Amino acid sequence: MPVIHNFRLPKERTVGDVLNDLTTKVELSHPNAELRLLEVFYHKIYKIFSLTKRIEEINDQYWTLRAEEIPEEEKDLGPTDRLIHVYHFTIKTAHNQTVLRKPKIRGGMTYPDPCPTVLQQLQNFGDPFFMKIRIHETLGDVKLRIQKKLQVPNDEFSKWKFAFVHLGQPEYLQDSDIVFSRFRRYDVYGGWEQYLGLEHPGTTQ
């Protein structure tokens with residue numbers, strides 16, 4: 001469960017100042033651990049703030065600001081590594097929708113042909129996170145690390161589905177698929193439009 005901390009700082013202070021203050025208020029995994037500040041919106045990570053960013057330049061009216069410890073493995077990315085976004089999602093079905101099919105001609109007049117349909121919509125939920133993947137890792141390899149990170153019991157985790165999601169469209173993966181090959185080389189700041197999706201039941205609130 002995330003812990004909320006409130007700060008009252010002069011507006012000329014920086015993100016680095018906030019994180020330095022925060023290290024005195026939270027329990028870190030080791031004394032030299034580093035923190036980062038993320039901008040989260042609708043369960044997606046949109047930005048990692050620079051340590052020199054001034055507090056007065058950050059708009060937290062709509063965004064959630066999340067500070068977290070940087071895992072040691074993410075500090076040393078080589079040419080055969082990538083840092084990807086990983087998000088939870090579920091598929092919601094919308095019934096009683098009406099779409100127009102190809103128009104029909106009756107008595108010389110053209111009429112739209114309405115037809116009921118079922119629409120499926122992907123909805124994200126939960127806490128998004130980053131994960132380092134390696135060039136030859138299969139989905140099966142990555143799944144083991146995700147299960148360990150999230151501490152999900154085997155019986156529950158076996159029901160999860162995994163997909164490469166690009167612009168809201170999921171492409172479901174098999175355990176033998178190489179995850180690295182799905183991701184184009186984006187700077188991590190623009191990575192929200194492609195991510196590894198974890199499909200399972202959960203709250204979308």
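Keep in mind it's a predicted model, so treat the numbers as computed, not measured.
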No-hydrogen, no-angle side-chain donor-acceptor test under 3.5 Å, [X] and [Y]:
X      : Y      : result
His200 : His88  : yes
Glu199 : Thr90  : no
Asn124 : Tyr195 : yes
His43  : Gln123 : no

Could you pull out all residues at least two apart from [X] that satisfy side-chain hydrogen bond (donor to acceptor under 3.5 Å, both in side chains)?
X      : value
Asn20  : none
Arg182 : Glu171
Glu68  : Arg36, Arg66
Thr138 : Asp141

Tell me which donor-acceptor pairs under 3.5 Å the side chains of residues 148-162 have, and how far apart each pair is, sequence neighbours excluded?
from, atom 1, to, atom 2, distance (Å)
Asn154, OD1, Gln147, NE2, 2.6
Ser158, OG, Asn154, O, 3.4
Ser158, OG, Asp155, O, 2.9

Practice problem: Find the distance between CD1 (Ile48) and CD (Glu39) and round it off to the nearest 0.5 Å. | Solution: 11.0 Å
Exercise. Enter the distance from Leu122:CG to Ile91:CD1 here, rounded to the nearest 0.5 Å.
Key: 4.5 Å
What is the minimum heavy-atom distance between [X] and [Y], and which atoms define it?
X      : Y      : result
Phe41  : Tyr46  : O-CE1, 3.3 Å
Phe89  : Gly197 : CE2-C, 3.5 Å
Thr52  : Ser50  : OG1-OG, 2.9 Å
Ile45  : Pro128 : CG1-CG, 3.6 Å
Leu35  : Ile70  : O-CD1, 3.9 Å
Val179 : Ile84  : CG1-CD1, 4.5 Å

Quiz item: Given Leu65 and Ile58, is the side chain to side chain contact (heavy atoms under 4.5 Å, CB included) satisfied, shown in steps?
Solution: CA-CA 9 Å; Leu65 302 181; Ile58 298 176; 3.9 Å; yes
Of all residues at least two apart in sequence or in a different chain, which pass the side-chain contact (heavy atoms from CB on, under 4.5 Å) check with [X]?
X      : answer
Ala67  : Leu19, Leu22, Leu37
Ile135 : Thr80, Phe180
Arg54  : Glu12, Glu56, Glu57
Leu77  : Asp81, Leu83, Lys132

Practice problem: Go through the steps for Gln194 and His85 under the test side-chain hydrogen bond (donor to acceptor under 3.5 Å, both in side chains), then give the verdict. | Solution: CA-CA 8 Å; Gln194 58 168 10; His85 293 234; over 6 Å; no
Quiz item: Where do Leu196 and Ile146 land on the side chain to side chain contact (heavy atoms under 4.5 Å, CB included) test, with the steps shown first?
Solution: CA-CA 11 Å; Leu196 180 63; Ile146 290 176; 3.9 Å; yes
Quiz prompt | Results of salt bridge (Lys or Arg N to Asp or Glu O under 4.0 Å) for Arg134 - residues two or more places apart only | solution = Glu73, Glu137
Quiz item: Does CZ in Phe129 sit with more than 12 non-hydrogen atoms of other residues, nucleotides or ligands closer than 6.0 Å?
Solution: yes
Practice problem: Show your reasoning for whether side chain to side chain contact (heavy atoms under 4.5 Å, CB included) applies to Glu69 and Glu34. | Solution: CA-CA 6 Å; Glu69 189 173 318; Glu34 299 177 33; over 6 Å; no
Exercise. Taking ring-ring contact (aromatic ring centres under 6.0 Å, His included) as the test, write out the residues that go with Phe164, two or more places apart.
Key: Phe183
Practice problem: Kindly indicate whether the side chain of His30, heavy atoms from C-beta on, has any atom under 4.5 Å from the side chain of Glu72. | Solution: yes
Practice problem: Go through the steps to decide whether Leu28 and Thr23 satisfy the test side chain to side chain contact (heavy atoms under 4.5 Å, CB included), and finish with yes or no. | Solution: CA-CA 7 Å; Leu28 302 175; Thr23 58; 4.2 Å; yes
Quiz item: Is Tyr87 reachable from Tyr172 through a run of I, L, V, M, F, W or Y residues, each pair having side-chain heavy atoms under 4.5 Å apart?
Solution: yes
